[in-house]
2 protein chains.
Amino acid sequence: MGKASKLSEVAKIAGVSPITASRAIRGNGYVSEAARERVLAAAAQLNYTPDMLARRMRGDKSKLIGVFVNNYGSLVVHEIAKAISQEARNIGYDILIFNAERFDGPGRAPTCDMLSKLCDGLVLLLPNGEDGYLEVIERQRIPAVFFSFDARDVSVPVVAVENREAARAAVEHLIGLGHRRIAFIGGSRATGQSGQRQKGYADALAAAGLPVLPELMVEGRFVQAGGYAATEQLLALEQLPTAIFAANDEMAFGAIDAIHSRGLEVPAQISVIGFDDIPTASGVFPTLSTMRQPLAQMAACAVDELVAMIDGAPVASKKLAFPMELVVRNSTGPAPAA
Amino acid sequence: MGKASKLSEVAKIAGVSPITASRAIRGNGYVSEAARERVLAAAAQLNYTPDMLARRMRGDKSKLIGVFVNNYGSLVVHEIAKAISQEARNIGYDILIFNAERFDGPGRAPTCDMLSKLCDGLVLLLPNGEDGYLEVIERQRIPAVFFSFDARDVSVPVVAVENREAARAAVEHLIGLGHRRIAFIGGSRATGQSGQRQKGYADALAAAGLPVLPELMVEGRFVQAGGYAATEQLLALEQLPTAIFAANDEMAFGAIDAIHSRGLEVPAQISVIGFDDIPTASGVFPTLSTMRQPLAQMAACAVDELVAMIDGAPVASKKLAFPMELVVRNSTGPAPAA
DNA sequence: GTGAAAGCGCTAACAT
DNA sequence: ATGTTAGCGCTTTCAC
């Protein structure tokens, strides 16, 4: 009743050699009906489960996908991980989530290394472009996909949204509503996505002949509290913006909160649009206009790419960018009459 | 530049035997200064990292805590995992999150088994009371802690909140505001927590001499959409409740949403109180009154218990129940004059 | 101070 | 149809 049992024990009870027991359990080679039954019975009796560690050490598949996350705090990360988990499950893989700010820290490298061996393939979520571990992956040609990454070209497939184009669409929505003084709340620069979104913001303004003003571009670290603080900065300006484009939904929530705290109304006085469309976006008040990320499709694509590599396809550079959809809800409205 | 390098390669370059290289790298036995330096240089040159899989197969510690999650969809789970991750990190452990609805499924058992071997200890988050894997853990005396579980007595430590008492406090808050017709939205019964919260709800009503009405007790599976649907049921009643107690915040969001959709106001016409106090609770409008779970403390406690067991303390039944704090925000107010 | 042997649990390849 | 050998990468005896 104590520790887990091993194959040799099962074999002994069944009166066969370990390898025969192994064959019987995996239904692999030739095993007589009689022997097979004795083995299976013994296994059941001992509650035997094969040691995947040992199997994996021999190089067998583990049917496990590792998801490396470096910003577990964020809600999008949660949603993405959920989507990947579902997709993986559908095709017979389980996922293991490993969480660290960086993967190249001193004590962390062996763990990453171990997990990369344990898992058949890896998905790196929002990896930091400067993380040294990215190079390890590229160098060792480990089957891997980067998810939501826009920092630079890499030699593995990258699944992401069309950050720049989508940001532009968000801002064009605001411009279409008559807004002329539009602020941008950016996130941290680690994955390169915020930078692209900022470019899209500038693209839209430029196309409409509007100036790109430094005082209207603030930073909120992709977190709600950061969005709140960034918005307070904006609300302290001489001339307030009439609309805010936040580089993710969580910062948009913070922005709305800050605006309400000042006794102003959304969208009557200031419109707010987010980015990502996490589930909460439709549950808050006012419901949040935002750009929707096709997470399920992206997750499916990432998993498919990964499994292809696991099954032998070469690891190659490949950019899979998904378009986003504008979701208009109640946080954006016509610009107030000046 | 290809695959990861192994100890024997390092040893060959350094001109020593593998075991000497091993000693040098771990700084363990006697190694001459000269040999040590050559080994370290060779290791650096080859980018060598020890294979934890192989180490672990020999029974060494991995400094890894496994977090088994069976309802990854929920936001509380995300918060709890984050808290545990932080605590673990503080004392030199990393965490690995494994996500499955159940852990006793056919293909899943070997993976669970493997992870339980790979990790020094396990935290089971919101485990399903009927999951057969719980018994495996109890039987094999694997160092483990159950987190947010209230289904039955088990032979491992359990870290949870005082579900029944806290639920009672939430409802007493509503009663104190003059509410007499109070509804309850429960979650799924898997962890036993919803049941305890429902008992607390009934306790409070009974203590105030109020009837416990079946039509006021509905089910929302702990998810926002479920809370929405459950509230629609309540809003279809002949006589509406003036307050709703939801067994978690996400269902409370759904409830507020449903109420708004009917053109009613929170809390003017119907008060809503949640349970957990996830971060979004203070960002929505109206801000959500709820019961706060002392997550950081709970996580610290769980990790401490676990590490004690990893370090040799016996695995024993132990109930660690934390009190919750009432957080009054803007979603609860005086009962409307009948 | 260093190395050889043995073994963690499993299975492919090669016998028999 | 079954068993033997060998080896995945590492480290704990036990020798020298």
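Lettering of chains follows the sequences in order, A, B, ..., and the numbering in each one begins at 1. Treat the numbers as computed from the prediction; the structure is a model and nothing was measured. Because only heavy atoms are used, hydrogens play no part in the values below, and waters and symmetry mates are left out as well, while side chains stay in.
Between A/R23 and C/dC10 there is no side-chain N or O to OP1 or OP2 distance below 4.0 Å. For A/Y48, a side-chain nitrogen or oxygen approaches OP1 or OP2 of C/dC10 to under 4.0 Å. At least one side-chain nitrogen or oxygen of A/T20 sits closer than 4.0 Å to the OP1 or OP2 atom of D/dG3. For C/dG9, neither phosphate oxygen OP1 nor OP2 lies less than 4.0 angstrom from any side-chain nitrogen or oxygen of A/S8. Checking the phosphate oxygens (OP1, OP2) of C/dT11, a side-chain nitrogen or oxygen of A/R55 falls inside 4.0 Å. Put simply, B/R26 has a side-chain N or O that comes within less than 4.0 Å of OP1 or OP2 on D/dT12. The side chain of B/S22 contributes an N or O atom lying less than 4.0 Å from OP1 or OP2 of D/dT11. Contact between the side-chain N/O atoms of B/S17 and the OP1/OP2 oxygens of C/dT2 is not found at any separation under 4.0 Å.
For B/V31 and A/M52, each mapped to the nucleotide of DNA chain C holding its nearest heavy atom, the one lying further toward the 5' end belongs to B/V31. Ranked by how close their nearest DNA chain D nucleotide is to the 5' end, A/G15 and B/I19 are led by A/G15.
When rounded to the nearest whole Å, the span between NZ of B/K12 and C1' of C/dG3 equals 17 Å. Taking atom NZ of residue B/K61 and atom P of nucleotide D/dT11, one finds them 15 Å apart after rounding to whole Å. Atom P of nucleotide C/dG7 and atom CG of A/D51 are separated by 18 Å, given to the nearest angstrom. One can place CZ of B/R56 at 14 Å from P of D/dT12, the figure rounded to the nearest angstrom. The separation between A/E37 atom CD and D/dT2 atom P is 12 Å, rounded to whole Å. In this structure, A/K117 places its NZ atom 13 Å from P of D/dC8, rounding to the nearest Å. Summarising the geometry, the separation between CG on B/L53 and P on D/dG9 is reported as 11 Å, rounded to the nearest angstrom. Distance A/N28 CG to D/dA1 P: 14 Å, rounded to the nearest Å.
In this structure, the side chain of B/D104 engages the main chain of B/G132 through a donor-acceptor pair within 3.5 Å. Within the 3.5 Å criterion, the main-chain N or O of A/K117 finds a donor-acceptor partner in the side chain of A/R56. In this structure, A/R89 contributes its side chain and A/D94 its backbone to no donor-acceptor pair below 3.5 Å.
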For B/D131 and B/R108, what are the C-alpha separation, side-chain angles and deciding distance, and is it a salt bridge (Lys or Arg N to Asp or Glu O under 4.0 Å)?
-> CA-CA 12 Å; B/D131 195 319; B/R108 202 105 52 205; over 6 Å; no
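Closest approach to the A/R58 side chain among C/dC10, C/dT2, D/dC10 is made by C/dC10 (side chain taken as heavy atoms from C-beta onward). The side chain of B/M57 approaches C/dC8 more closely than any other nucleotide in the set C/dC8, C/dG1, D/dC10.
B/D60 comes within contact range of the sugar-phosphate backbone alone, with a heavy-atom separation under 4.0 Å but no base atom that close.
Heavy atoms only, all atoms of each residue included: A/N70 and A/L126 are closest at OD1-O, 2.8 Å.
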